[in-house]
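First the structure, in the form of structure tokens, and then the observations on it.
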Amino acid sequence: MAEFLELESQDGVRMPWNVLPGTKQEAANCVVPIASFYTPLKSFPNMPVLPYSPLRCRTCRSVLNPFSIVDFVSKIWICPFCLHRNHFPPHYHSISDENLPAELFPQYTTIEYESPSEKSTVPPVFMFVVDTCMIEEEIGFLKSALSQAVGLVPENSLVGLITFGTYVHVHELGYGQIPKVYVFKGSKEVTKDQLLEQMNFFMKKPRPSTGVIAGVRDGLSQESIERFLLPAFRLRVCLEFGLRGASERSLASISRSKGNKVHWHGIECGCTSIGSMCSWFWG
Ligand SMILES: [Zn+2]
């Protein structure tokens with residue numbers, strides 16, 4: 001058990017298993033499903049801070065980390081997420097088995113970067129992905145818990161809201177006092193491209209023909225992003241609108257949504273949205 005607690009205190013990740021099944025059969029034999037809880041922004045007293053920018057995968061923008069496979073001779077690292085082979089930039093030329101950059105130290109699975117060039121020009125972004133599949137009485141508690149949570153995020157934060165019951169609702173918060181929502185069926189998988197098209201991200205600015213769509217630096221207009229991400233103080237007003245009617249939907253949807261993939265798609269929508277809109281943050 002100590003091993004699980006140690007992992008959580010090191011990376012903020014809690015899993016029911018400390019190894020992943022190697023085959024489909026092993027996965028099928030798992031009585032307790034594989035899952036993970038991640039605590040974002042968990043404070044670590046001895047967090048290593050590197051005074052430069054992270055090295056990113058050219059394809060998926062993941063960051064070089066101790067799980068990447070490195071070819072020291074060719075000066076190439078393989079992204080463990082998309083398997084793209086990335087060349088190290090010239091200032092990594094002296095890298096070797098004995099001379100590793102800190103981000104490849106095996107024990108540095110969670111680190112912070114504090115680059116002087118990227119410093120604090122962009123506010124933190126929080127996307128609230130909320131399960132509204134509950135009885136009406138609980139909606140009031142949900143609203144107050146959310147207001148409290150919004151009150152705790154840093155003043156300059158940008159905040160977005162996605163709710164899900166039988167359907168996934170992506171709230172267009174920057175649409176004045178009139179609530180506007182994009183609705184996706186909870187049981188249907190939506191790709192990032194479909195999501196961007198259906199949420200009208202390319203109404204005023206044509207879609208780039210190549211490359212990753214990610215934030216204002218890569219394909220999206222600031223205006224289209226601001227429809228979904230509001231300064232935190234404005235979200236409190238919008239929460240009222242965002243959650244209005246949630247209970248009616250949820251009452252009917254409790255039995256229907258049990259066992260379907262709506263939870264996953266709600267979270268997936270959140271990840272895709274934040275990945276598409278906020279990548280200016282990641283450079
Ligand atoms: Zn990658």
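Both ligands and their constituent atoms are indexed starting at 1 by order of listing.
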Environment of the Zn ion (ligand 1) in terms of protein N/O/S atoms, cut-off under 2.8 Å: C57 SG, C60 SG, C79 SG, C82 SG
According to salt bridge (charged side-chain N to carboxylate O under 4.0 Å, His left out), does anything in residues 11-32 pair up with another residue at least two apart or in another chain? List the pairs. E8-R14
Measure from the side-chain N and O atoms of K180 to the backbone N and O of H171, and report whether any donor-acceptor pair falls under 3.5 Å. no
Considering residues at least two apart in sequence or located in another chain, which fulfil the side-chain hydrogen bond (donor to acceptor under 3.5 Å, both in side chains) criterion with Y38? none
Within the structure provided, determine whether Y92 and W77 are in side-chain contact (heavy-atom separation under 4.5 Å). no
Not counting sequence neighbours, which residues clear side-chain hydrogen bond (donor to acceptor under 3.5 Å, both in side chains) with H87? List them please. none
Check whether any side-chain N or O of S157 sits under 3.5 Å from a backbone N or O of P154 as a donor-acceptor pair, and report yes or no. yes
